[in-house]
2 protein chains.
Amino acid sequence: MDKRADIVSGAASAFEADCFRGAGIDKVLAPSGASTRTLYKHFGSKEGLVLAVLEERHRRFEERLEAAAKGADAVAALFDTLRQWLEEHGARGCMLLRARAEYSGASEEIVDLVRRQKSAFRRRVAARVEAALGREDDSLATQIWLLFEGATAAASVADLSVVNAAKAAAASLVEEAKRNAC
Amino acid sequence: MDKRADIVSGAASAFEADCFRGAGIDKVLAPSGASTRTLYKHFGSKEGLVLAVLEERHRRFEERLEAAAKGADAVAALFDTLRQWLEEHGARGCMLLRARAEYSGASEEIVDLVRRQKSAFRRRVAARVEAALGREDDSLATQIWLLFEGATAAASVADLSVVNAAKAAAASLVEEAKRNAC
DNA sequence: CACAATGTAAAGCGATCGTTGTACATGACA
DNA sequence: TGTCATGTACAACGATCGCTTTACATTGTG
């Protein structure tokens, strides 16, 4: 009976169906059935709710990444997880980046949160690259990260096979980096 | 004295500074100084204006791509043009994809336009890949496209050097494709 | 001169926005 | 039993939303 979690989860659905600015308080509260009074008790403002939704979304995605990291190829697993995530949640572009874009002129706090989240994610990719390669390779990590973000964005205007294309490209780049070490 | 073009150009600035839903008619009209009456004579609705802005934006970017295609390496030139574009316009993520996200639950017409624009862009990338490789390679073209979209997205939360990383990755993938042909 | 095209200024439409206030129900715990 | 935290329902706040309307100025063309 955690009403706060109910609101966050329902708000996430509303923000996906519509956009952040486009989803009014009533639409945001409809899935959880909470009252406006309760929302403002917990979050203070709509912006506070958005921050909570973004934090929860990022936490959940990183959890999923960790759970799927068992396989041999840690880099390929990134893209398998992404594909599974997009199949479940739909491909409308990264929610964090969408929030950043909508609030880039309105909330410095949201812009900053997303920047930190993406920086943390890039570090996570770098750790996987190191695991696959046996050594650090920062520019390779950036390249894999770009393929990941590219696939996420492109899936909103193309089909999900772009994720497989990104996975194959990442494998090529890792293989080439291995060869260059010999 | 083309007022219509003035409105489109000014509206593009407003949509960049704020977001699409967040920029009201008054803000949209402020840069051009036009009246609401004139706007609705030309575009019929705010959605009509957004469509015109997106078409203009895409047309301008493709023009820029064509103008910069003189160099030897047609694929690398893609990323040089992107970097230059982002330096001029700022890196807030692809405007077309931002519009798609904001109107995904509100305007099928905008969603469709962006899908067609991105499809055309991917075909343009494929043509460059063919020029660089001497033969068609559809999956390589997709991979280059993903690097491009990834760099565009990532530049909004990191620095512009990600564009160079994408360019280097694209070069690697093209080189490997050349080797596989021998 | 007449006229159509194209523009501006300004008021106002109903609707919705994010937010707050008031009043009441519930259950846990002292 | 009393109290406190947490929830609900519902009306209303001022502001702003997208959009329409009325009325008037400017300009080029026949």
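Labels below follow one simple rule: chain letters A, B, ... track the order of the sequence lines, proteins then strands, and each chain is numbered from 1.
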### Message
In this structure, how many angstroms lie between the P atom of D/dT16 and the CD1 atom of A/Ile25, rounded?
### Response
17 Å
Pull out every protein N or O sitting under 3.5 Å from an N or O of nucleotides 8-11 of chain D, one pair per line with the distance.
from: D/dT8; atom 1: OP1; to: A/Lys3; atom 2: NZ; distance (Å): 3.3
from: D/dT8; atom 1: OP2; to: A/Ser35; atom 2: N; distance (Å): 3.4
from: D/dT8; atom 1: OP2; to: A/Ser35; atom 2: OG; distance (Å): 3.4
from: D/dT8; atom 1: OP2; to: A/Thr38; atom 2: OG1; distance (Å): 2.4

### Message
Could you tell me how far apart B/Phe15 (CZ) and D/dG18 (P) are, to the nearest whole angstrom?
### Response
9 Å
### Query
Would B/Glu63 and B/Arg60 pass as an ion pair if we require N to O under 4.0 Å?
no
### Query
Are any of the side-chain nitrogens in B/Arg122 or B/Asp138 under 4.0 Å away from the carboxylate oxygens of its partner?
yes
### Query
Could you give the NZ-to-C1' distance, from A/Lys27 to C/dT16, as a whole number of Å?
10 Å
### Message
Output the rounded distance in Å from CG (A/Asp26) to P (C/dT19).
### Response
13 Å
### Message
Do the side chains of B/Arg21 and A/Glu102 get close enough for a salt bridge, i.e. N-O under 4.0 angstrom?
### Response
no
### Task
May I ask you to say whether A/Arg115 pairs ionically with A/Asp112, meaning some side-chain N is under 4.0 Å from a carboxylate O?
yes
### Message
Between B/Glu175 and B/Arg179 (salt bridge meaning N to carboxylate O under 4.0 Å), is one present in this structure?
### Response
no
### Distance, rounded to the nearest Å, where B/Leu29 contributes CG and C/dA10 contributes P
14 Å
### Protein-nucleotide distance (B/Lys46, atom NZ; D/dT16, atom C1'), rounded to Å
12 Å
### Query
Rounded to the Å, how far apart are B/Tyr40 OH and D/dT22 P?
17 Å
### Query
Does any non-hydrogen side-chain atom of A/Glu66 lie less than 4.5 Å from one of A/Arg124?
yes
### Task
Please determine if a side-chain N or O atom of A/His42 lies less than 4.0 Å away from the OP1 or OP2 oxygen of D/dT6.
no
#### Entry: Interatomic distance, B/Tyr103 OH vs D/dG18 C1' [rounded to whole Å]
10 Å
